[in-house]
Enquirer: 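Below you'll find the structure I mean.
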Amino acid sequence: QAQLVESGGGLVQAGGSLRLSCAASGRTFSRHTMSWFRQAPGKEREFVAAISWSAGSTSYADSVKGRFTISRDSAENTMYLQMNSLKPEDTAVYYCAADLLPNPLDKDYSYDYWGQGTQVTVSS
C-alpha cells in the first residue's frame with residue numbers, strides 16, 4: 001500500500017530553520033509530482049511548494065519564496081522542504097502530497113496521495 005510519511009517538524013524560534021522530509025513507501029513515486037501543503041488552525045489547507053518528477057521544475061507560494069526550498073531524491077523515494085527564516089505565520093501542520101498529473105498544481109483536490117502531516121510551530 002502506497003504511503004507517505006512526513007518527519008522533521010518541531011518547535012523553532014522565529015528566524016530559525018527546519019528541514020522536513022517526506023518518505024514514500026509501498027510504490028515508487030519517481031514519476032509523480034510531489035508537493036507540500038500546510039494547514040494552520042482555523043484555516044484551509046494551502047499550497048506551499050511543488051517539484052516535478054524530474055526535479056527540473058519547482059513552484060512556490062509567494063509567501064515562502066526565497067525562504068523555502070523543495071527538493072527530492074528519487075533514488076531514495078524521498079522529498080524535502082528546507083525552511084529558513086521561519087516566521088510565526090508559518091506555524092501549521094505540513095503535509096506532503098503526490099500525484100501523476102496534479103491539475104491545478106496548487107489545489108489539494110488534485111492529489112491522490114497524502115501523508116499524515118507533521119506539526120511546525122514557530123515562536124515569536
Side-chain angles (χ1 to χ4, degrees):
Q1 182 176 351
Q3 190 175 16
L4 299 174
V5 179
E6 303 94 337
S7 61
L11 174 64
V12 64
Q13 288 189 331
S17 299
L18 281 175
R19 188 192 194 205
L20 305 184
S21 298
C22 172
S25 62
R27 65 161 295 158
T28 178
F29 287 91
S30 61
R31 292 290 180 174
H32 288 63
T33 292
M34 298 189 74
S35 296
W36 289 96
F37 285 77
R38 67 186 182 186
Q39 187 167 22
K43 295 188 177 181
E44 293 187 352
R45 190 156 51 185
E46 65 174 1
F47 172 78
V48 175
I51 187 166
S52 64
W53 68 269
S54 66
S57 177
T58 58
S59 180
Y60 295 92
D62 288 343
S63 59
V64 306
K65 276 181 185 175
R67 300 188 298 121
F68 291 9
T69 302
I70 189 171
S71 61
R72 68 189 294 171
D73 183 338
S74 293
E76 296 294 328
N77 229 8
T78 303
M79 176 179 65
Y80 304 96
L81 185 68
Q82 178 66 44
M83 305 186 295
N84 299 328
S85 302
L86 282 161
K87 305 175 181 180
E89 50 264 44
D90 294 319
T91 295
V93 177
Y94 283 71
Y95 299 89
C96 64
D99 198 270
L100 274 173
L101 290 171
N103 184 24
L105 186 70
D106 60 347
K107 298 300 183 184
D108 57 2
Y109 56 74
S110 300
Y111 294 81
D112 282 339
Y113 299 96
W114 289 88
Q116 83 291 344
T118 185
Q119 177 71 48
V120 171
T121 303
V122 184
S123 63
S124 57

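Numbers here simply count residues along the sequence, with the first being 1.
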Enquirer: Step through it carefully: locate the ring centre of Tyr60, locate the ring centre of Phe68, and say whether they are under 6.0 Å apart.
Expert: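 Aromatic pair excluded; centres sit 6.0 Å or further apart.
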Enquirer: Are any non-hydrogen side-chain atoms of Gln82 and Ser17 less than 4.5 angstrom apart?
Expert: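 Of all side-chain heavy-atom pairs linking Ser17 with Gln82, at least one is under 4.5 Å.
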Enquirer: Can a side-chain donor-acceptor contact be found between Asn103 and Ser110 if the only test is distance below 3.5 angstrom?
Expert: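 Checked: Ser110/Asn103 side chains show no N/O donor-acceptor pair below 3.5 Å.
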Enquirer: Assert yes or no for the condition that the ring centre distance of Phe37 to Phe47 is strictly below 6.0 Å.
Expert: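 Ring centroids of Phe37 and Phe47 are less than 6.0 Å from each other.
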Enquirer: With rounding to the nearest 0.5 angstrom, report the SG to CE distance, Cys96 to Met34.
Expert: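 Rounded to the nearest 0.5 Å, the SG-CE separation comes out at 5.5 Å.
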Enquirer: Tell me if a side-chain donor or acceptor on Glu6 pairs with a main-chain N or O of Gly117 at a distance below 3.5 Å.
Expert: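 Checking the backbone N and O of Gly117 against the side chain of Glu6, a donor-acceptor pair under 3.5 Å is found.
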Enquirer: With the 4.5 Å side-chain cut-off for hydrophobic clustering, are Tyr111 and Val93 part of the same group?
Expert: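 Yes; tracing contacts between hydrophobic side chains, which count when under 4.5 Å, links both residues.
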Enquirer: In terms of hydrophobic clustering (I, L, V, M, F, W, Y; side-chain heavy atoms under 4.5 Å; direct or indirect links), are Leu4 and Val48 co-clustered?
Expert: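 Yes, Leu4 connects to Val48 through the hydrophobic network.
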Enquirer: Is any side-chain heavy atom of Gln119 closer than 4.5 Å to one of Thr91?
Expert: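 Yes, side chains in contact.
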Enquirer: Does Arg38 reach the side chain of Glu46, with side-chain heavy atoms less than 4.5 Å apart?
Expert: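 Result yes, sub-4.5 Å side-chain heavy-atom pair found.
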Enquirer: Can you tell if the side chain of Thr69 reaches within under 4.5 Å of the side chain of Thr58, non-hydrogen atoms only?
Expert: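 No - every pair of side-chain heavy atoms lies 4.5 Å or more apart.
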Enquirer: Going through the distances and angles, do Arg27 and His32 end up as a side chain to side chain contact (heavy atoms under 4.5 Å, CB included)?
Expert: CA-CA 11 Å; Arg27 65 161 295 158; His32 288 63; 3.2 Å; yes
Enquirer: Donor-acceptor pair, distance only, cut-off 3.5 Å: does the side chain of Thr118 make one with the backbone of Gly9?
Expert: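 Looks like yes, one N/O pair under 3.5 Å.
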Enquirer: Measure the OG-CZ distance between Ser30 and Arg72 for me, rounded to the nearest 0.5 Å.
Expert: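 Reported value, rounded in 0.5 Å steps: 7.5 Å.
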Enquirer: Within 45 degrees of the ring normal and closer than 6.0 Å to the centroid, is that where the cationic atom of Arg31 sits relative to Phe29?
Expert: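 The answer is no; the distance or angle limit is not met.
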Enquirer: Mind checking whether Asn77 and Thr28 have side chains closer than 4.5 Å, heavy atoms only?
Expert: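 Side chain of Asn77 against side chain of Thr28, heavy atoms only: contact under 4.5 Å found.
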Enquirer: Quick one: pull up CG in Asp112 and CG in Asp99 and give me the separation to the nearest 0.5 Å.
Expert: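 Those atoms lie 4.5 Å apart.
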Enquirer: Quick check for you: to the nearest 0.5 Å, what is the distance between Leu11 atom CG and Ser123 atom OG?
Expert: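 That separation rounds to 5.0 Å.
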Enquirer: Looking at Arg67 and Ser85, would you say the former's side chain and the latter's main chain have a donor-acceptor pair under 3.5 Å?
Expert: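 Yes, the answer is positive, given that a donor and an acceptor are paired below the 3.5 Å cut-off.
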Enquirer: Got a salt bridge between Lys87 and Asp90, using NZ or NE/NH1/NH2 to carboxylate O under 4.0 Å?
Expert: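 No, no charged N to carboxylate O under 4.0 Å.
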Enquirer: Can you find a heavy atom in the side chain of Leu81 that is under 4.5 Å from one in the side chain of Tyr94?
Expert: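 With C-beta onward as the side chain, the pair touches.
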Enquirer: Could you report the tightest heavy-atom contact between Ala50 and Thr33, atom names first, then the distance?
Expert: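 Between these two residues, the closest heavy atoms are CB-CG2, 4.5 Å.
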Enquirer: How long is the straight-line distance from OG of Ser7 back to CG of Leu20, given to the nearest 0.5 Å?
Expert: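 Answer for the CG-OG pair, Leu20 versus Ser7, is 8.0 Å.
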Enquirer: Given side chains that start at C-beta, do those of Val12 and Thr121 come closer than 4.5 Å, heavy atoms only?
Expert: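 No, side chains not in contact.
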Enquirer: What pair of heavy atoms forms the shortest contact from Ser124 to Ala14, and how long is it?
Expert: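 Here Ser124 and Ala14 meet closest at CA-CB, 4.4 Å.
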Enquirer: Under 4.5 Å between any side-chain heavy atoms of Ile70 and Trp36, yes or no?
Expert: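 Yes, their side chains come closer than 4.5 Å.
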Enquirer: Are Trp114 and Met79 co-members of a hydrophobic cluster defined by side-chain heavy atoms under 4.5 Å apart?
Expert: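 No; Trp114 is not reachable from Met79 via cluster members.
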Enquirer: Using only atom types and a distance under 3.5 Å, with no angle test, would you say the side chain of Thr78 pairs donor to acceptor with the backbone of Glu76?
Expert: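 Flag set: sc Thr78 to bb Glu76 pair under 3.5 Å.
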Enquirer: Before you tell me yes or no, could you show the steps for Asp108 and Tyr95 under side chain to side chain contact (heavy atoms under 4.5 Å, CB included), namely the whole-Å CA-CA distance, both residues' side-chain angles and the distance that decides it to 0.1 Å?
Expert: CA-CA 10 Å; Asp108 57 2; Tyr95 299 89; over 6 Å; no
